[in-house]
Every structure is written in C-alpha cells, then in structure tokens.
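First comes the structure, then the notes that go with it.
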Protein chains: 2
Amino acid sequence: MVTLKDIAAEAGVSITTVSNVVHNRSSRVSPELVAKIRSIIDREHYVPSMTARTLVNDESYIIGVISHITPQNIGSTMSDPFLGSFVEGIEFRTREEGYFLMIRSVEDARALESLRRSWKLSGVILTGVFEDDFFAGVRNLGIPFVLIDSYIDAPDVYNIGLEDEKGGYLATKHLLENGHRVIAFASPSIRAGGVVEQRLIGYKRALKEYGVPFDPSLVYTQEIFVEEGKRLGHKLAAKPEITGIFASADILAAGIMTGLREKGVLVPRDKSIIGFDDNYLCRLTNPCLTTIHQDAEQKGYLAVDMLLSQFRNEPLAERSVILPVTLIERESVRNLNKQ
Amino acid sequence: MVTLKDIAAEAGVSITTVSNVVHNRSSRVSPELVAKIRSIIDREHYVPSMTARTLVNDESYIIGVISHITPQNIGSTMSDPFLGSFVEGIEFRTREEGYFLMIRSVEDARALESLRRSWKLSGVILTGVFEDDFFAGVRNLGIPFVLIDSYIDAPDVYNIGLEDEKGGYLATKHLLENGHRVIAFASPSIRAGGVVEQRLIGYKRALKEYGVPFDPSLVYTQEIFVEEGKRLGHKLAAKPEITGIFASADILAAGIMTGLREKGVLVPRDKSIIGFDDNYLCRLTNPCLTTIHQDAEQKGYLAVDMLLSQFRNEPLAERSVILPVTLIERESVRNLNKQ
C-alpha cells in the first residue's frame, strides 16, 4: 500500500505538505505544488487511512451533528425543512474542508461523551441546548463545540444564532400596522433561554409600542407537527375576536391555516397569519405565507466555519454570530385599515 | 483506561460477550448477564475505542448514506421532505443496532472508494443509482450495499423499492375514473431504469385501459424545486384542454398548484392534480393534495435491516423489498362526471 511518506518522497516535499493537500487544506500550499502532489496521488491511487490517522492524531476529523433526545424532542432531526437545509449546509462545508459528518441523536450527556471518546470526534454542532446537565456535559467534552440558536450566556460558548427577538417584533408589528389588535402567539412549548421565549419578548415589545396590553390567554403552545397545528387551527377558528396570528414556525403556521380552513375560516379574509423561517412551505401554501426570513443552510455553513476556526486557533471576531432576520410579505396578512 | 478485557475479567465472561453488550447485540446474551455487565461498564466508565476496533476488525461499524452528485443532482440530500424522513429512519435504526451514520455526497466512484477505504465503512446505503460507471464502482467496493429505488436487474443487488408502476397507474386511473381524458404527466427528467420511468409506464397502462392514446406532448419534465414547479404551473395554466395532472412528487405538485393559482387557474375547479409520496406537504396545501402514499422513514429503516442481514450472513427472503403504494384521496381531484 502507498503511504503518505511515499507520496512526500516522490514529490520532494514534507509529509505535512502532502497531508495538507490530501485533507483539502490547500490554501497553505502553492497551486503548482498542489497540482503536482495531486497528480502523484492520482497515479499511485493513494487513500489516507482515517482510522490510523485518528489513533495517531487523537482526533478523527469527524464532526458530529448532535440532536438531544428529550421528552419534547424524540430525536426528530430531519423531517423539519429547517433542519434539512441546515444539515445540507454542514455536509457541503465539511466535505469542502476535508472533514466528515456523523449524525447522531443522544439521550444524555453520557451518551454524548461516549460518542466523543469512541470516535475521537474533532468537534460537535448541537441544536436545542439549554443551560442544564446536558450542557454541562457538552462543556466537559474537551473538544470544540458550536451551539445553534442558544441563549446561554457564558464566555466559553460559541453560538450561531438569529435575531429572534427582532423577528417576533417585526412579525407582530406588521400585524399591528395592518390594524390587528387581538393577536395570538402560537409556538412550541416556551422554555427559558430558548428562541421561542425571545420571539415572545419581541411580540410583547411590539404590542407595548402600540399600547396593546399583553394578554397571556392569547399564547397558544403546541408541538409543531401538522396534525397538532391543524387542531390549533380548529381552536383558533372558534375565536372570532382573534384577527391576527403569529406562529413561531412556518410548518406550524401552515398547519393552522389548514385547520382554520377546515372550519370555514379563511386566510387572510377572516384571520391574518405570519410564520417564521421562510422555508419553501411559504410558497406552497394558499395563500402564500408572509413570514420572517432566516437562512438555515447558511447557519449550517457558518457553524462549520466556527468549528474550523477553533480547530486552527484562528482568532474570531465574535464568539456568537447573530444572523439577521427580515420580514417577507406575501399574501397571508390583510390590511384591516383599508376595509 | 479501562479496557474490554478488564470488564470481561470482572464479570467472569468472555471479551466477545462484553463486546456484544457494548455494541447492543444483547439478544445473544441473557438479560441477567446484560444487566450485570452494564452495571460494571457504568461503574468503570468504560467507553470502547471505535477507531482501535476499526483497525483490528477492518471495519468501523459506520454506515454511509451516500448521495451521488451529478449534473442533475448537486448533492442536495436533505431539503426534500422525502429524504429527511428517510435519513431519520436510518439514524434511528443504526443507533438502535450499535452502528454509526455518516452522511456524504460523492462526485464519482473513486470518491466513494476513497471514503470506504478511509473509514473502513461497514456498508453503504445509496439513493439514485443507475446502471453506469458509478454503479460499477459501488459493486467493486467489496462491502455490503443497499440501493434505494433502483431498477438495476442484477443478482448481486440488494434494493428497497416501491410499487412505482402501480403508483403511476393508480394515480392516472383515479383521474380517468373522475372523467379526465387529457392528463399531463409532470416529473423530473425521465432516466432509463429510474422510478419516474416506471411511474410513466403505469400512467400509460391506465390510459390504455381507458382507450386514451398516449400523447408524448403531455409529458412535462421539470426539476422538482418550488420555483420550477411554479413555472410549470404557469405553462399548464395556458392549456385549458388539460384537466388532469399527475405529478411524480408532492413538492412538484404543490409548486404547480401555486403556479396555476398565480394565473387564476384553481384546483380542483379548473384542473385536478395528484401528487406522489404523501409527505406532510399534502396536508398543508389548499386544497389538500390527493396523492400516492409511500413510507419514507420505513424505507430507511428497512435499508438498515437489509444491511444488517448481510453483515450477519442471515438469509434474506428477498434481495429486493418492494413497499406497497396506496391512493390517498383528499381534495385536489374534481369529478367531471358529476358536473
């Protein structure tokens, strides 16, 4: 079998240089040398043994994308279009940089620690982490990690987040500007330190700006599956005083729309609704859904970049990158001022 | 560090027995012994080194889920709700059986072979494989593989498929039964040996049964992204003679519906449409989409089972498991006989 050493000898360069080319860290090597080394690799059919390298380097170049299984989240990582695009961004970027992607749901911090040790993971990307025992376990892994959408306020946390509060504010303000005053807030269960809490804070800020008192009975929490969304739609259909709905996920908004329609309540004629995410669903509902835009694929991409910076000890401008949100107007909000 | 040998010595059993418990092959060990070994493992904080084991066993217990990047498919593995559910099924089942899941897009057979050698993959699951050079590479990997939705007719192929021809037949027949005679067939590009070809054969069989001649100008091929679906909707809106549409994916059907609506053509009033897949989209479109049901998560689950049978040299009743399809009636087909 051809080894790294053989390739290096033939190219007249160091093993490190060949390794950089093999693992796509070509920016450190001149284009001419990259071409020369690649042609030798091609001719000799050289393939690196990642497992041997893992034992030597004590890391595997595997990045784990981890989903924490909780009673609220049964490890459902992929069906949601947000998560699908997010993982797509991660797969693309890890491949481009010579890393590998392992997907895993874990029940607790111990399962995560076992996974890290079993595979000598280089780093992990985690969604839905709160300040609890599981997070303590993440911290104790001793490898770089990046949290997605975390509001944990600690100096050692790397995070890719979103302007959640602003998103909630923009959505609610848009309904208020269009004359709505009784606005329901629909979301999955609201956990302290989670994105939904922030979106609710933004909802409250907009209400306050318009002099509308916050009414806790207008907060509807509901798991974001289609059938549950439909049932919430049935419930909201029986409340004619509610003219506006802000749903904290597009898939929930779309489910509510179907439920409303089943009860003869039409969007936007009878009720207006705004979603959150701006995934492809928004262009497939009828009417098309007004929503708050975020870029899920970009989140995955940036999460890998933030891990890479840690691997390479590159300085980071910020430990927390907060992506912007914008309001995307489509057809699901009616202007009550014009009636 | 505690080793497998230490645990075995303390439990008074063989290393193989401990290994079976560690890697969730507990069915071979009595429940009492499993409990005893687990408690020792817990107390000693034993974690197996997968990389060391990989070097010894020459396989890693990693299952690769591989997407072949082609000009038609740019490695987009996850955004489609079908693929999301499919990967979810695989993640669940691999974890349950003590395996690990690596997700990777590859450009060609050589990249796949490198991946196998780098990681000593135990097996691979592949979507979208045709009888070409890439398939030749899959065959030469020398490890168990399972294809998804393949129509490659070879004795060494393991496949999880679907009654595609019947699905196309049922969808088209349903439109014919409801009085439609000019029925468009909308799908991504039709490749010989692919699922779409089979669905088209089913479409033709139904037409023939009803004495309707096949008209190639009614076949519209279109990538299954939302904007492309919408554009096809615009095109079909200008063809009043077409009253029925069979779209070979729900996401394409939903895009067509949005495009039709943008041109003032309503479903099912002006045109009837049937999708394929029965993912959650069908319950979020307005009207809800009549479609052909398949279980994507089950496909992933069964693909892992078929790999496991190969790993364990268990006899298989069939090398190709064909999952059934059913017609799910919702609201998108109008009965022209009743007008």
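Chain A is the first sequence line, chain B the second, and so forth, proteins listed ahead of strands; every chain is numbered from 1.
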On a heavy-atom basis, which atom in A/Phe100 and which in B/Arg104 lie closest, and how many Å separate them? CD2-NH1, 3.5 Å
If you count every heavy atom of other residues, nucleotides or ligands that lies below 6.0 Å from A/Asp108 atom CG, does the total exceed 12? yes
Using a 4.5 angstrom heavy-atom cutoff, name the option from B/Leu281, B/Asn279, B/Asn286, B/Ile90 with the most pairs to chain A. B/Asn286
Any non-hydrogen side-chain atom of B/Ser60 less than 4.5 Å from a side-chain atom of A/Trp119? yes
Minimum heavy-atom distance between A/Arg261 and B/Thr285, given as atom pair plus value: NH2-O, 3.4 Å
Quick one: what part of A/Asp250 sits under 4.5 Å from any heavy atom of chain B, side chain, backbone, both or neither? neither
Proximal component of A/Leu115, with respect to chain B [non-hydrogen, under 4.5 Å]: side chain
Under 4.5 Å, heavy atom to heavy atom: which of residues 262-271 of chain A reach chain B? Give them by number, or say none. none
Interatomic spacing from CZ in B/Phe92 to CD1 in A/Ile69 - rounded to 0.5 Å: 8.0 Å
What residues, two or more places apart in sequence or in another chain, satisfy side chain to side chain donor-acceptor pair (under 3.5 Å) together with B/Arg231? none
Once rounded to the nearest 0.5 Å, what's the spacing between atom CD1 of A/Ile103 and atom CG of B/Leu101? 6.0 Å
Most contact-rich option vs chain A, by heavy-atom pairs under 4.5 angstrom, among B/Gly229, B/Cys288, B/Gly255, is B/Cys288
Checking A/Met102 against chain B: side chain, backbone, both or neither under 4.5 Å from a heavy atom? both
Region of A/Arg283 in contact with chain B, defined by heavy-atom distances below 4.5 Å: both
With a 4.5 angstrom heavy-atom cut-off, could you sort out which part of A/Leu284 is near chain B: side chain, backbone, both or neither? both
